[in-house]
Amino acid sequence: MTFTLITGASMGIGEALARKFASQGCNLILVARSSERLLALAEELRKEMGVEVEVCVQDLSVADSSRHIYLFCHNNNFDVDTLVNCAGLSCAGDFADMPLQKLEEIIMVNVMSTARLTRYFISDMVERKYGTIINVASIGGLQGVPGLGLYSATKSFIMTLTEALYGELKGTGIKVISVCPGFINTGFFKHAGHDAANIRLPIYGADVVVKAVMRGLRKKRIRIFPTLIDNILAFSQRFVTRRLVIRLAGFFAAVKDY
Ligand SMILES: NC(=O)c1ccc[n+]([C@@H]2O[C@H](COP(=O)([O-])OP(=O)(O)OC[C@H]3O[C@@H](n4cnc5c(N)ncnc54)[C@H](OP(=O)(O)O)[C@@H]3O)[C@@H](O)[C@H]2O)c1
């Protein structure tokens with residue numbers, strides 16, 4: 001039996017993606033730390049969509065978690081044909097003030113778990129000559145964002161890794177895409193200590209990200225920006241200095257006045 005494995009499926013964008021994939025008849029493996037939320041979502045999707053849903057509770061900031069997830073799938077003969085690396089977190093404020101433990105947590109979840117899970121599951125996909133990897137990046141990954149420095153760097157990592165994989169996997173039957181949302185209305189800002197009321201761009205619902213992922217897969221895109229504003233911001237970078245790009249990014253995110 002084949003499955004779509006989604007990290008960060010307990011809430012926000014990951015949960016929205018889980019609902020969409022279930023509505024398309026995909027069996028799911030839901031990964032995050034909040035076991036009660038995952039179990040409730042799994043129960044609901046099994047009942048309402050008639051799909052198989054497995055739950056794998058893991059803390060992706062723990063070094064061995066990706067291996068445990070892979071072994072959970074392998075030992076149960078769950079073939080993962082779609083991997084969605086969605087779990088992620090940020091911490092608003094100056095890099096100089098960030099607690100080292102938070103720095104490590106962000107790198108472990110956003111960078112290491114994305115790289116490790118991709119590495120684990122990609123071999124099976126290559127062998128089967130079939131598979132899809134969806135990496136949730138951010139428009140913040142297009143430049144360093146003052147006030148969200150480490151976060152924007154982790155999202156750049158995701159975008160460049162996705163591009164390299166796209167090149168390496170061309171012609172193998174494996175699709176790989178990064179989706180790069182702007183500001184999306186989830187618990188993300190609260191978790192990051194980022195006051196969403198100050199943000200100087202529109203904040204959209206998670207549905208725009210889901211639609212973008214589906215559009216991107218259909219159109220075989222390497223990266224996709226969900227909204228018109230995201231596309232304008234990304235495109236306009238070509239015509240202005242990096243200095244201005246960075247200033248504007250800090251202005252829009254408005255963690256504080258830089
Ligand atoms: N919201 C935005 O404006 C925005 C914009 C661009 C990109 N993104 C990206 O979209 C993705 C999802 O974010 P969201 O907006 O849906 O935020 P969210 O509502 O805070 O959800 C984050 C998800 O990541 C999971 N997660 C966090 N730390 C984890 C850990 N140590 N181990 C396992 N799972 C962990 C959380 O699950 P548990 O807490 O249950 O573990 C949760 O399911 C992230 O990669 C984020 O960078 C968000």
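Whatever order the structure lists them in is the order used to number ligands and atoms, beginning at 1.
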- Query: Can you tell me which residue and heavy atom of the protein come closest to atom 7 (C) of ligand 1, and the distance to 0.1 Å?
  - Reply: Ala137 O, 3.1 Å
- Are any side-chain N or O atoms of Lys170 and backbone N or O atoms of Leu165, one a donor and one an acceptor, separated by less than 3.5 Å? no
- Query: Which ligand 1 atoms, with their elements, are less than 4.0 angstrom from a heavy-atom of Val136?
  - Reply: 9 (C), 10 (O), 11 (C)
- Considering only non-hydrogen protein atoms, determine which one is nearest to atom 25 (C) of ligand 1 and report residue, atom name and distance to 0.1 Å. Gly8 CA, 3.7 Å
- Query: So, is Cys86 polar-close to ligand 1, with some N/O to N/O distance under 3.5 Å?
  - Reply: yes
- Item | Side-chain donor or acceptor of Ser156 paired with backbone N/O of Ser152 under 3.5 Å | yes
- Query: Looking at Asp59, which atoms of ligand 1 are within less than 4.0 Å of one of its heavy atoms?
  - Reply: 30 (C), 31 (N), 32 (N)
- Determine, considering heavy atoms only, which of Phe183, Tyr151, Phe188, Tyr204 sits nearest to atom 17 (O) of ligand 1. Phe188
- Item | Test of proximity, Ser138 against ligand 1: N or O pairs below 3.5 Å | no
- Task: Check each atom of ligand 1 against the heavy atoms of Met11 and keep those under 4.0 Å away; list them by number with element.
- Result: 19 (O), 21 (O), 39 (O), 40 (O), 42 (C), 43 (O)
- Message: Side chain or backbone, does Phe189 bring an N or O within less than 3.5 Å of an N or O on ligand 1?
- Response: no
- Query: Would a hydrophobic clustering, with Ile, Leu, Val, Met, Phe, Trp and Tyr connected at side-chain separations under 4.5 Å, put Val176 with Leu17?
  - Reply: no
- Query: Do Ser113 and Asn85 meet the criterion of a side-chain donor-acceptor pair at a distance under 3.5 Å?
  - Reply: no
- Message: Can you tell me if Gln58 contacts ligand 1 (heavy atom of the residue under 4.0 Å from the ligand)?
- Response: yes
- Task: May I ask you to identify the nearest protein heavy atom to atom 26 (N) of ligand 1, giving residue, atom name and distance to one decimal place in Å?
- Result: Ala87 CB, 4.0 Å
- Message: Any side-chain to backbone donor/acceptor pair from Asn198 onto Val255? Under 3.5 Å, distance only.
- Response: no
- Message: Students should be able to answer this: which protein heavy-atom is nearest to atom 22 (C) of ligand 1, and at what distance?
- Response: Gly88 O, 3.7 Å
- Message: Using a 4.0 Å cut-off to any heavy atom of Thr186, which atoms of ligand 1 qualify?
- Response: 1 (N), 14 (P), 15 (O), 16 (O), 17 (O), 19 (O)
- Message: Heavy-atom distances under 4.0 Å decide this one: backbone, side chain, both or neither, for Ala206 against ligand 1?
- Response: neither
- Tell me, which protein residue and heavy-atom name are nearest atom 40 (O) of ligand 1, and how many Å apart are they? Ser34 OG, 2.4 Å
- Compare all side-chain heavy atoms of Leu169 with those of Val126 and state whether any distance is below 4.5 angstrom. yes
- Which atoms of ligand 1 have any heavy atom of Leu60 under 4.0 Å away? 30 (C), 31 (N), 32 (N), 33 (C)
- Message: Within a 6.0 Å radius of atom CZ on Arg200, are there more than 12 heavy atoms belonging to other residues, nucleotides or ligands?
- Response: yes
- Message: Please tell me whether Phe121 and Tyr70 form a close aromatic pair, meaning their ring centres lie under 6.0 Å apart.
- Response: yes
- Message: Using ring centroids (six-membered ring only for Trp), state whether Phe188 and Phe183 fall under 6.0 Å.
- Response: no
- How far is atom 3 (O) of ligand 1 from its nearest protein heavy atom, and which residue and atom is that? Ile184 N, 2.8 Å
- Task: Could you tell me whether the side chain of Asn231 and the main chain of Thr227 form a donor-acceptor pair under 3.5 Å?
- Result: yes
- In terms of atom number and element, which parts of ligand 1 are under 4.0 angstrom from non-hydrogen atoms of Ser61? 31 (N)
- Message: Please check: side-chain N/O of Thr132 versus main-chain N/O of Thr82, any donor-acceptor pairing under 3.5 Å?
- Response: no
- Distance-only N or O hit between ligand 1 and Leu89, under 3.5 Å: no
- Query: Just which atoms of ligand 1 are under 4.0 Å from any heavy atom in Gly182?
  - Reply: 3 (O), 4 (C), 5 (C), 6 (C)
- Task: Return yes if a side-chain donor-acceptor contact under 3.5 Å exists between Thr162 and Asn135, otherwise no.
- Result: yes
- Query: With only distance considered, is Ile13 within less than 3.5 Å of ligand 1 through an N or O on each side?
  - Reply: yes
- Message: Heavy atoms only, cut-off 4.0 Å: how does Lys155 contact ligand 1, side chain, backbone, both, or neither?
- Response: side chain
- Task: Tell me which part of Arg33 gets within contact of ligand 1: side chain, backbone, both or neither, using heavy atoms under 4.0 Å.
- Result: both
- Message: Please determine whether any non-hydrogen atom of Cys180 lies less than 4.0 Å from an atom of ligand 1.
- Response: no
- Message: For a side-chain contact (heavy atoms from CB on, under 4.5 Å) check, start with the C-alpha distance between Gln58 and Arg33, then their side-chain angles and the critical distance, and finish with the verdict.
- Response: CA-CA 5 Å; Gln58 285 292 331; Arg33 291 166 303 182; over 6 Å; no
- Run the numbers for me: atoms of ligand 1, each under 4.0 Å from some heavy atom of Val109, listed by number. 30 (C), 31 (N)
- For the residue pair Asp94 and Tyr258, confirm or rule out a side-chain donor-acceptor distance under 3.5 Å. yes
- Go through the steps to decide whether Arg46 and Glu52 satisfy the test salt bridge (Lys or Arg N to Asp or Glu O under 4.0 Å), and finish with yes or no. CA-CA 6 Å; Arg46 272 185 216 115; Glu52 286 285 322; 5.9 Å; no
- Query: If you count the non-hydrogen atoms of other residues, nucleotides and ligands that lie under 6.0 Å from CZ in Arg128, is the total more than 12?
  - Reply: yes
- Message: With respect to Glu105, determine whether any N or O atom, backbone or side chain, lies less than 3.5 Å from an N or O atom of ligand 1.
- Response: no
- Query: Which protein heavy atom lies closest to atom 43 (O) of ligand 1, and at what distance to 0.1 Å?
  - Reply: Ser10 OG, 2.8 Å
- Considering only the protein, which heavy-atom contact is closest to atom 20 (O) of ligand 1, and what is its distance? His191 ND1, 2.8 Å
